[in-house]
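Keep in mind the model is a prediction, meaning the values are calculated, not measured. In what follows, residues are counted from 1 in the order of the sequence shown.
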Amino acid sequence: MIDAVTKPKTKVKTKTERPRLHKLILVNDDFTPREFVVSVLKAEFRMTEDQAFRVMITAHQRGVCVVAVFTKDVAETKATARHRRRPRQGLSAVVHHRAGGIEEPSRPSSSAGAG
């Protein structure tokens, strides 16, 4: 008689990992007009006038402000979108990744942002 060896059937479950999120950070400067910052926030991030004004004021008072959190590709696209509107304006947005809570980068001396 022949001894038959049977192997149990195993099911492989693939678990997809959620994409890492990146913060889009608005950096303040003394050159970009506040009205322009508000108009970009309204156009690119679909904010109301009041929301855009509060984000701009926060960046103005604190030096930086987290505008939104996106996947890497979307964050980079949004950060460079202001060049399509007015290439010569000095509005600066930084894409920053950090797991966990909000970390604000040190305030750059020559960056642009929310006048």
Could you work out, with side-chain contact (heavy atoms from CB on, under 4.5 Å) as the rule, every residue matching F70, not counting sequence neighbours?
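By the side-chain contact (heavy atoms from CB on, under 4.5 Å) rule, F70 matches F45, A68, V74, A75, K78.
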
Spacing of [X] atom [atom1] and [Y] atom [atom2] [to the nearest 0.5 Å]:
X: L26; Y: L41; atom1: CG; atom2: CG; result: 6.0 Å
X: F53; Y: R34; atom1: CZ; atom2: CZ; result: 7.0 Å
X: M47; Y: S39; atom1: CE; atom2: OG; result: 12.5 Å
X: E44; Y: L24; atom1: CD; atom2: CG; result: 10.0 Å
X: T71; Y: R20; atom1: OG1; atom2: CZ; result: 13.0 Å

Any donor-acceptor pair under 3.5 Å linking the side chain of Q51 with the backbone of T48?
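Yes; at least one donor-acceptor contact below 3.5 Å.
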
Could you work out, with salt bridge (Lys or Arg N to Asp or Glu O under 4.0 Å) as the rule, every residue matching D50, not counting sequence neighbours?
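Testing D50 for salt bridge (Lys or Arg N to Asp or Glu O under 4.0 Å), a comparison that skips the adjacent residues, returns R54.
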
Results of salt bridge (Lys or Arg N to Asp or Glu O under 4.0 Å) for E35 - residues two or more places apart only:
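Not a single residue meets the salt bridge (Lys or Arg N to Asp or Glu O under 4.0 Å) criterion with E35.
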
Report yes if the side chains of L21 and K72 come closer than 4.5 Å at any heavy-atom pair, otherwise no.
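With C-beta onward as the side chain, the pair stays apart.
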
Decide yes or no on side chain to side chain contact (heavy atoms under 4.5 Å, CB included) for V38 and E49, but give the supporting numbers first.
CA-CA 7 Å; V38 169; E49 182 85 24; 3.8 Å; yes

